[in-house]
Amino acid sequence: MNIPDDVMYTREHEWVRIEGDEVTVGITDYAQEQLGDIVYVELPTVGDSVARESTFGVLESVKAVSDCFAPISGEVTEANGMLDDHPETVNTDPYGEGWIIKVNLSEKTELEDLLTPEQYEAFVNEVTA
């Protein structure tokens with residue numbers, strides 16, 4: 001299982017790459033593996049507001065349908081439109097080209113609730129034990 005150390009994580013198995021006031025959000029390698037082959041991604045619209053822990057999109061796989069939960073609050077500045085035609089990119093490159101949305105952060109204090117790579121790895125080990 002791939003757990004890069006340049007991003008933060010949530011207990012909902014999403015990752016957050018912090019770049020100033022903008023964050024990029026995707027699902028973790030563990031999440032994509034659990035979902036199986038992703039066949040459809042429902043994305044929010046640029047300009048939409050998202051609230052931490054609220055649903056912002058949907059991932060459909062051959063095994064399940066899963067909601068995506070916002071790890072932070074803010075305004076969607078970009079949605080990965082490439083996923084419309086190539087949803088499988090979430091499986092093949094979850095931390096790179098398979099990112100889902102970018103959000104202009106509105107509450108910096110919410111970043112304090114994210115997990116470090118080490119904390120996330122321990123969390124996944126607990127879940128899978």
Mutual orientation of the aromatic rings belonging to Tyr120 and His13 [parallel < 30°, tilted 30-60°, perpendicular > 60°] = perpendicular

query = Under 3.5 Å, side chain of Trp15 to main-chain N/O of Ile27, donor-acceptor pair present?
reply = yes

key: Approximate separation, where rounding is to 0.5 Å, of Thr109 OG1 and Glu112 CD   = 6.0 Å

request  = Over all heavy atoms of both residues, which pair between Leu43 and Asn80 is shortest? Give the atoms and the distance, please.
outcome  = CD1-O, 3.2 Å

Single-linkage hydrophobic cluster Trp99~Val90, side-chain heavy atoms < 4.5 angstrom = no

message = I'd like to know if Val50 and Val16 are part of one continuous hydrophobic network [Ile/Leu/Val/Met/Phe/Trp/Tyr, side-chain heavy atoms within less than 4.5 Å].
response = yes

remark   = One should read off an interatomic distance between Ile3 CD1 and Thr28 OG1, to the nearest 0.5 angstrom, of 8.0 Å

request  = Spell out, as yes or no, whether a donor-acceptor pair under 3.5 Å connects the side chain of Asp85 to the backbone of Met82.
outcome  = no

inquiry  = For Val39 versus Val62, what's the shortest heavy-atom pair and its separation?
reply    = CG1-CG1, 3.9 Å

message = Applying a strict under-4.5 Å side-chain criterion to I, L, V, M, F, W and Y, I'd like to know whether Val103 and Tyr9 cluster together.
response = no

query = Does the pair Leu105 and Glu22 meet the rule for a side-chain contact (heavy atoms from CB on, under 4.5 Å), with working shown?
reply = CA-CA 6 Å; Leu105 183 63; Glu22 186 174 72; over 6 Å; no

ask   = Can you name the closest pair of heavy atoms from Phe56 and Pro44 and give their distance?
value = O-CD, 3.5 Å

message = So does Asp29 get a backbone contact from the side chain of Tyr95, meaning a donor-acceptor N/O pair under 3.5 Å?
response = yes

request  = Would you please say whether a donor-acceptor pair under 3.5 Å links the side chains of Gln32 and Asn91?
outcome  = yes

message = As an exercise, state the distance from CD1 of Ile100 to CD of Glu42, rounded to the nearest 0.5 Å.
response = 11.5 Å

Approximate separation, where rounding is to 0.5 Å, of Leu59 CG and Leu83 CG = 8.5 Å

Positive for side-chain hydrogen bond (donor to acceptor under 3.5 Å, both in side chains) with Thr24, one of Glu78, Arg17, Glu19 = Glu19

List, one per line, each side-chain donor-acceptor pair under 3.5 Å for residues 66-76, sequence neighbours excluded.
| unit_1 | atom_1 | unit_2 | atom_2 | d |
| --- | --- | --- | --- | --- |
| Ser73 | OG | Arg52 | N | 2.9 |
| Ser73 | OG | Glu110 | OE1 | 3.3 |
| Ser73 | OG | Glu110 | OE2 | 2.9 |

ask   = At their closest point, which heavy atom of Pro87 faces which heavy atom of Val41, and how far apart are they?
value = CB-CG2, 3.9 Å

ask   = Which residues pass the ring pair (Phe, Tyr, Trp, His ring centres under 6.0 Å) test with Tyr40, sequence neighbours left out?
value = none

request  = Group every Ile, Leu, Val, Met, Phe, Trp and Tyr by side-chain heavy-atom contacts under 4.5 Å, then state whether Val7 and Leu115 land in the same group.
outcome  = yes

inquiry  = Strictly distance-based, threshold 3.5 Å: is any side-chain N or O of Thr128 a donor or acceptor partner for the main-chain N or O of Val124?
reply    = yes

query = Just how far is it from atom OH of Tyr30 to atom CZ of Phe123, taken to the nearest 0.5 Å?
reply = 8.0 Å

note = Shortest non-hydrogen pair, Pro94 vs Thr92, comes out as CD-C, 3.7 Å

Stepwise side-chain contact (heavy atoms from CB on, under 4.5 Å) test for Met8 and Thr116 = CA-CA 5 Å; Met8 301 295 283; Thr116 65; 4.2 Å; yes

ask   = Under a 4.0 Å N-O cut-off, is there an ion pair linking Asp37 with Lys63?
value = no

inquiry  = Just verifying a value: how many Å separate Gln119 CD and Leu114 CG, rounded to the nearest 0.5 Å?
reply    = 9.5 Å

Shortest non-hydrogen contact from Thr77 toward Val46 = O-CG1, 3.6 Å

request  = With sequence neighbours left out, write down each residue that passes side chain to side chain contact (heavy atoms under 4.5 Å, CB included) with Glu126, or none if nothing qualifies.
outcome  = none

